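Pasting a structure below so you can have a look.
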Number of protein chains: 2
Amino acid sequence: MIRTVSTPRKHPPERRRPGTVSIRDVALRAGVSIATVSRAVNRIPTVDSELASRVWKAIDEVGYLPNTQARALVSGRSRLLGLIVSEITNPFFPELVQEFETLATSQGYEVLIGSTNYDPARTESLMRRLLQRNVDGVAVMTFGVEEDLVKKLVEREFPLVFVDAGPNLPNIHVLKVDYGEGIRQGVQHLAALGHRSIAFISGPLAQRSPKVRLDAFLKSMDELGIHVPAEHQVEGTHTMEGGITAMEQLLALDKLPTAVMCSNDMTAIGALHALYRTPLKVPQDISIVGFDDIHLAQFMLPPLTTVQMSCRSLAVAAIEALRAGIEPDHPKARQKEWLISTRLVVRQSSTFPRGSLPAMSHSAQQRHGPAR
Amino acid sequence: MIRTVSTPRKHPPERRRPGTVSIRDVALRAGVSIATVSRAVNRIPTVDSELASRVWKAIDEVGYLPNTQARALVSGRSRLLGLIVSEITNPFFPELVQEFETLATSQGYEVLIGSTNYDPARTESLMRRLLQRNVDGVAVMTFGVEEDLVKKLVEREFPLVFVDAGPNLPNIHVLKVDYGEGIRQGVQHLAALGHRSIAFISGPLAQRSPKVRLDAFLKSMDELGIHVPAEHQVEGTHTMEGGITAMEQLLALDKLPTAVMCSNDMTAIGALHALYRTPLKVPQDISIVGFDDIHLAQFMLPPLTTVQMSCRSLAVAAIEALRAGIEPDHPKARQKEWLISTRLVVRQSSTFPRGSLPAMSHSAQQRHGPAR
DNA sequence: TCACAGGCGGCAAACGTTTCCCTGCCCAGA
DNA sequence: TCTGGGCAGGGAAACGTTTGCCGCCTGTGA
């Protein structure tokens, strides 16, 4: 016969970690029902304040911590956010991770971090993990989105945040980084110093963001009517190694550029290192400008002139966009695009080209004059 | 009257994310019970192979992914590991995080990363978060454990992994880094080159690991019968800024040391930067030796001689130790200590002191001879 | 004093699993 | 043919919450 009456289990398996306290213990102690405890914990205003304080007292006494998985199971929201970066070992990303994490946790979210390392298999498993853990939303901060990854995420109707570009669908938010502004400032800064021969070391051009940065550079140069010969566009890898290799390529040219802009700071740092090995001095013989403004940049020798893209703004926007997607009545639920501005930070790796005495103001000359 | 009979709820709240499939859907499709699906998914061998393949087919067809929170709720194991580091922006840690994450996820665990930033409030909230999420174990890789943090964790009887030292309790595993070996190699390397005046820039000595490193240095020096004057022991912060400041302190001395060992690579890099600003050349005028062997070290100018502490070994040991603590019948469940070795990596930031012509073999002279 | 309204708080369903227990089937042995 | 044993698979309890529904209590107005 089928057992229809509730027969209590003989040997309930021992699972609870010692010291774990459930809502039931609190309810018992406070002399209320578990429903009331739950409502008190969630600060539902209908619960009587005297009762609530009794509950809070009990919570304190027994050391209760709500079980997140049970919460997530019933509420359907895990309060987990996914953060996908290209490679955690690139110094830009830890800074971003740090900001993102600080903000997320202060708002009651936990962060699962994944690093794709540009490896499709890794990305694939990362996606599966995020789906299984039921993340509430994912920020894809890879600066070069893999198409199939996007598709997988999109069909689950996840709140998603991309950088630079993403499919135009509901629930997809895009952080539009205004590369143009910062890069134009950089180019104009160099041009004002008298540079006419400016090379660009890009990132891997198969990815979207490096491509956009290169285009912004070319556009700015074009606006000034300066031609960029093909040999002055070198493809790097957004790593220090790539910067070294690319700079060596430039050094092998018959005619060196007088300035080099780089698609990110690690590339610029690589370029500096390649130059240290030559008799050439930075900035007197060649000016270097980076992009990102990572922490390391200001400690370079000379301190790196670079275009700042604020990690903090990126993180703030990403979290806000995600929450807008997660919470149906968020004030900005309809907003699709979030603008991130960039701006030039002038340090000492850029000055006027040797031999040229540009028409510049006294103060500018002081500021950009050769260091040491 | 109290409702005792199961009255179906009128308006069940809509929670499931579209596209989400539960075990019930699979069971329906395969024409089996959910118990069988569960058993098939968990590869319980008693389930008939024909049935199992029908279940797997159904899983594939409906795109089923097990819900981790439900699993965790019932099994009492979240398959989440906590990883606590001091500061994620210190380049050593991302490398560690990367290794740890790769290993953990390949074994079916997810990683929650927390960065204490040496801030007790941050640490406190971090602990609460980890407890709420019900992590199966925590690796505390901060190289300087806050005592109250330890206590909190210990009383929950968590599997815990510490670096260097931890309370001697069940469930607590300690990764013993053999600083002595690597640091002795470093000191002997310098001594063999002819150095007798070797300074040490330590980390923050309030923390345990920096203290141990300093002691290892002093012990090695003592073994060689070399006295270390107090002014040759400078306290840094394990950051580049700290390295710069500490090196400047050394530079202000009447009599410079001929070599400087540093408690970590970032400090050494800071020291290099401080030296770049002087006429002194590394390694001809002063030798610098780091500790950690972070990725950046080999790209310094000159490439940094340093003591390697392998991130990979640390991560491997940490994960293995955690699993030993989590899984009751793990082969190494009883092992308390895990040894991590260190070794010197000679690059080009160390050579014989100027003016001294040490008795050394021809090959050694070639190897350590002044670069450039 | 009674009727009624409003709101606090308790009961129990539901979330998606795992796993205990038990049934029913199959097969071997007598 | 009957009995017994082994075992595959199904039913349902349990994990710790949130939340819909409803009862009871209190307060107000006639």
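A quick note: this is a predicted structure, and the numbers were derived from the prediction, not measured. Chain naming here is simple, since letters A, B, ... match the order of the sequence lines and numbering starts at 1 in each.
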Can you identify which nucleotide, out of D:dA8, C:dC8, D:dG10, has its nearest atom closest to the B:A35 side chain?
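The answer is D:dG10, which lies nearest to the side chain.
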Nearest whole angstrom, please: distance from the C1' of D:dT17 to the CD1 of A:I59.
13 Å
Between atom CD1 in A:I34 and atom C1' in C:dG9, what is the gap in whole Å?
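Between C1' of C:dG9 and CD1 of A:I34: 12 Å.
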Spatial distance of atom CG (B:L28) from atom OG (B:S22) [nearest 0.5 Å]
9.5 Å
Do A:V111 and A:Y109 come within less than 4.5 Å of each other through their side chains, counting heavy atoms only?
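The answer is no; the side chains never approach within 4.5 Å.
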Has A:N67 got a side-chain N or O lying under 4.0 Å from the OP1 or OP2 atom of D:dC15?
no
Within this structure, what is the CG-CD distance for the pair A:L322 and A:E320, rounded to the nearest 0.5 Å?
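Atom-to-atom, A:L322:CG and A:E320:CD are 10.5 Å apart.
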Just call it for A:L51: base, sugar-phosphate, or nothing, with non-hydrogen atoms closer than 4.0 Å on any strand.
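Sugar-phosphate, backbone atoms only, no base.
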Once you round it to whole Å, what is the distance between P of D:dG16 and CZ of B:R133?
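One finds 17 Å between P of D:dG16 and CZ of B:R133, rounded.
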Rounded to whole Å, please give me the gap between OH in B:Y64 and C1' in C:dT18.
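Distance check: B:Y64 OH to C:dT18 C1' gives 10 Å.
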Nearest nucleotide by nearest heavy atom, which residue falls closer to the 5' end of DNA chain D, A:R24 or A:R39?
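Nearer the 5' end of the strand: A:R24.
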Mind checking A:I44 for me? I need base, sugar-phosphate or nothing, with any heavy atom below 4.0 Å counting as a touch.
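Nothing, no heavy atom under 4.0 Å.
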Using whole Å, what does the distance between atom C1' of nucleotide C:dC15 and atom CG of A:L73 come to?
4 Å
d(CG, A:D48; C1', D:dC24) in whole Å:
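Checked: the CG to C1' distance equals 15 Å.
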Indicate, with a heavy-atom threshold strictly under 4.0 Å, whether B:S38 touches base, sugar-phosphate, or nothing.
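If one applies the 4.0 Å heavy-atom cut-off, B:S38 turns out to touch a base.
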Any luck finding a side-chain donor-acceptor pair between A:R122 and B:T105 under 3.5 Å?
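Not at all, the side chains of A:R122 and B:T105 share no donor-acceptor pair under 3.5 Å.
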Figure out the CD1/P separation between A:I23 and D:dC15, and round it to whole Å.
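So the CD1-P distance, A:I23 to D:dC15, works out to 14 Å.
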I'd like a table of donor-acceptor pairs (distance under 3.5 Å, sequence neighbours excluded) in which one partner is a side-chain atom from residues 64-74 of chain B, with atom names and distances.
unit_1 : atom_1 : unit_2 : atom_2 : d
B:N67  : OD1    : B:Q69  : N      : 2.8
B:N67  : OD1    : B:A70  : N      : 3.1
B:T68  : OG1    : A:Q132 : O      : 2.6

Grab the two heavy atoms, one from A:L81 and one from A:A104, that are nearest each other, plus how far apart they are.
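In terms of heavy atoms, the two residues are closest at CD1-CB, 4.3 Å.
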Give a yes or no on whether the backbone of A:E87 and the side-chain of A:N117 come within a donor-acceptor separation of less than 3.5 Å.
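Not at all, since once roles are kept as given, no pair shorter than 3.5 Å links the two residues.
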Is the phosphate of C:dG10, meaning OP1 or OP2, less than 4.0 Å from a side-chain N or O of A:T36?
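Looking at the OP1 and OP2 atoms of C:dG10, one of them is under 4.0 Å from a side-chain N or O of A:T36.
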Below 4.0 angstrom from OP1 or OP2 of C:dC11, is there any side-chain N or O of A:S33?
no
Five pairs per end, C1' atoms only: what is the angle between the end axes of the helix from C:dT1-D:dA30 to C:dA30-D:dT1, to 10 degrees?
60°
How many Å lie between CG on B:N42 and P on C:dC20, as a whole number?
13 Å
